[in-house]
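One structure below.
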Protein chains: 2
Amino acid sequence: MSQAKLTPDQTSELADTFGLLSDPTRLSIVIACKDDERAAGDIADHLGISPSLTSHHLRLLRSARILKSDRRGKQVFYTMADDCVHSVLDVMIEHLFTHSHPDPV
Amino acid sequence: MSQAKLTPDQTSELADTFGLLSDPTRLSIVIACKDDERAAGDIADHLGISPSLTSHHLRLLRSARILKSDRRGKQVFYTMADDCVHSVLDVMIEHLFTHSHPDPV
DNA sequence: ACTACATTTGAACAATCGTTCAATTGTTGG
DNA sequence: CCAACAATTGAACGATTGTTCAAATGTAGT
């Protein structure tokens with residue numbers, strides 16, 4: 001479990017995954033889809049960003065299999081596709097909430 | 001727990017943390033320090049990169065409090081400073097090992 | 001004080017990235 | 001077929017990033 005020995009390919013793959021979560025806008029999109037199904041346009045409205053920007057980010061997240069898409073009529077709905085990323089976000093967000101005491105003294 | 005509502009600051013902070021894990025070289029450094037204490041020079045040797053490059057990455061990881069440093073004599077030893085990042089790496093690496101069947105058919 | 005070793009720093013470069021805008025594709029209803 | 005809505009695409013831009021090289025700092029032993 002510990003003392004991990006990753007191949008260069010595995011390391012790059014892992015780094016790529018983190019890279020997709022490293023932009024605030026894109027991270028917000030992922031979090032918005034974390035526990036709910038969301039239409040592309042609704043994500044854009046919710047975050048106050050353009051449909052175009054949303055779509056660019058969604059394409060990256062989709063092709064990395066972090067999100068998956070499902071078209072129903074005119075709308076395209078997005079949900080989490082990666083259990084691993086889902087639980088990583090839960091861990092980090094939980095940590096943010098429990099350790100929200102930035103200035104103790 | 002779920003349905004997380006993060007402030008823009010929290011989202012950016014989280015994105016920054018992921019950003020520090022998003023470069024293969026830097027991620028390798030973090031993983032090298034994940035369960036062991038490592039001197040800066042040993043990390044460089046282990047990864048086959050220059051001391052300078054190692055130090056640049058270490059500075060970023062240190063100032064984000066992902067790693068902490070401890071100088072003893074000429075050497076500076078680095079260890080994990082963030083439990084949260086530690087467990088996230090464990091989750092992701094575990095996932096990499098259990099799902100290592102890239103081309104089934 | 002001088003030398004050797006370990007690490008850090010700063011400037012500079014090419015490469016990558018996020019965003020915007022205009023145009024396009026896909027889908028449904030009249 | 002045409003209009004209206006939803007989403008995607010591609011080109012272009014400014015900004016950020018990882019890396020290298022040369023120089024500097026810190027530490028220990030003689």
Side-chain angles (χ1 to χ4, degrees), chain A residues 8-9 11-33 36-79 81, chain B residues 8-9 11-33 36-79 81:
Chain A
D9 278 356
T11 306
S12 290
E13 188 185 328
L14 195 47
D16 284 348
T17 302
F18 287 130
L20 285 163
L21 305 174
S22 71
D23 174 69
T25 307
R26 199 162 50 227
L27 179 59
S28 301
I29 293 175
V30 177
I31 292 176
C33 298
D36 299 287
E37 189 180 50
R38 300 267 197 175
D42 292 343
I43 297 172
D45 290 345
H46 181 247
L47 300 180
I49 59 179
S50 72
S52 170
L53 179 55
T54 308
S55 188
H56 279 299
H57 284 307
L58 285 172
R59 183 176 57 83
L60 295 174
L61 294 166
R62 194 177 351 113
S63 68
R65 273 173 257 273
I66 289 178
L67 299 184
K68 59 188 164 192
S69 63
D70 177 29
R71 177 178 277 273
R72 290 201 298 275
K74 296 186 204 172
Q75 303 187 90
V76 178
F77 293 89
Y78 284 86
T79 44
Chain B
D9 277 357
T11 307
S12 289
E13 188 186 328
L14 195 46
D16 283 348
T17 302
F18 286 132
L20 284 162
L21 305 173
S22 71
D23 175 68
T25 306
R26 200 162 48 227
L27 179 59
S28 301
I29 293 175
V30 178
I31 292 176
C33 299
D36 300 288
E37 189 180 50
R38 299 268 198 175
D42 292 343
I43 297 172
D45 289 345
H46 180 247
L47 301 179
I49 60 179
S50 72
S52 170
L53 179 54
T54 308
S55 188
H56 279 299
H57 285 306
L58 286 172
R59 184 176 56 84
L60 295 174
L61 294 166
R62 195 177 351 114
S63 67
R65 273 173 256 273
I66 289 177
L67 298 183
K68 59 187 165 192
S69 63
D70 176 29
R71 177 178 277 273
R72 290 202 296 277
K74 295 186 204 171
Q75 302 187 91
V76 178
F77 293 89
Y78 285 86
T79 44

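Here is how names work: the chains are called A, B, and so on, in the same order as the sequence lines, proteins then strands, and each is numbered from 1.
Taking atom CD of residue Gln75(B) and atom C1' of nucleotide dG26(D), one finds them 13 Å apart after rounding to whole Å. One can place CG of Leu61(A) at 14 Å from P of dC17(C), the figure rounded to the nearest angstrom. Going from atom NZ of Lys74(A) over to atom P of dA4(D) covers 11 Å, rounded to whole Å. Residue Leu58(B) contributes atom CG, which lies 15 Å from atom C1' of dT19(D) at whole-angstrom precision. Spacing between atom CG of Leu27(B) and atom P of dT19(D) amounts to 12 Å, rounded to whole angstrom units. One interatomic measurement links the two molecules: NE2 of His57(B) to P of dT9(C), which rounds to 15 Å at whole-angstrom precision. Distance Leu53(B) CG to dT17(D) P: 15 Å, rounded to the nearest Å. Taking atom CZ of Arg62(B) as the reference point, atom P of dT7(C) lies 12 Å away to the nearest angstrom.
You'll find a donor-acceptor pair under 3.5 Å spanning the side chain of Ser52(B) and the base of dC21(D), going by distance alone.
For the atom pair CG (Leu20(B)) and CD1 (Ile66(B)), the distance works out to 4.5 Å, reported to the nearest 0.5 Å.
Phosphate contact (OP1/OP2 of dC17(C), side-chain N/O of Arg26(A), threshold under 4.0 Å): absent. Between dA6(D) and Tyr78(A), no contact under 4.0 Å exists linking OP1 or OP2 to a side-chain N or O. Between Thr25(A) and dT19(C) there is a side-chain N or O to OP1 or OP2 distance below 4.0 Å. One finds no side-chain N or O of Arg59(B) lying less than 4.0 angstrom from the OP1 or OP2 phosphate oxygen of dT7(C).
Residue His56(A) and nucleotide dT8(D) are not classified as a stacked aromatic pair, given the requirement of ring centres less than 5.5 Å apart at an interplanar angle below 30°.
Of the charged side-chain nitrogens involved, at least one lies within less than 4.0 Å of a carboxylate oxygen, so that Asp70(A) and Arg72(A) count as a salt-bridged pair.
Looking at heavy-atom distances under 4.0 Å, Arg72(B) makes no contact with the nucleic acid at all. Across all strands, Phe77(B) comes closer than 4.0 Å to no nucleic acid atom at all (heavy-atom distances). Looking at heavy-atom distances under 4.0 Å, Ala39(B) makes contact with sugar-phosphate atoms alone, never a base.
Arg38(B) places no side-chain N or O within 3.5 Å of a backbone atom of Ala40(B) that could act as its donor or acceptor partner.
The heavy-atom pair separating Thr79(B) from Asp36(B) by the smallest distance is CG2-O, 4.2 Å.
Nearest-nucleotide positions on DNA chain C for Ser55(B) and Asp23(A) put Ser55(B) closer to the 5' end.
In this structure, Arg62(A) is not positioned above the aromatic face of Tyr78(A) in the sense of NZ or CZ being under 6.0 Å from the six-membered ring centre and within 45° of the axis.
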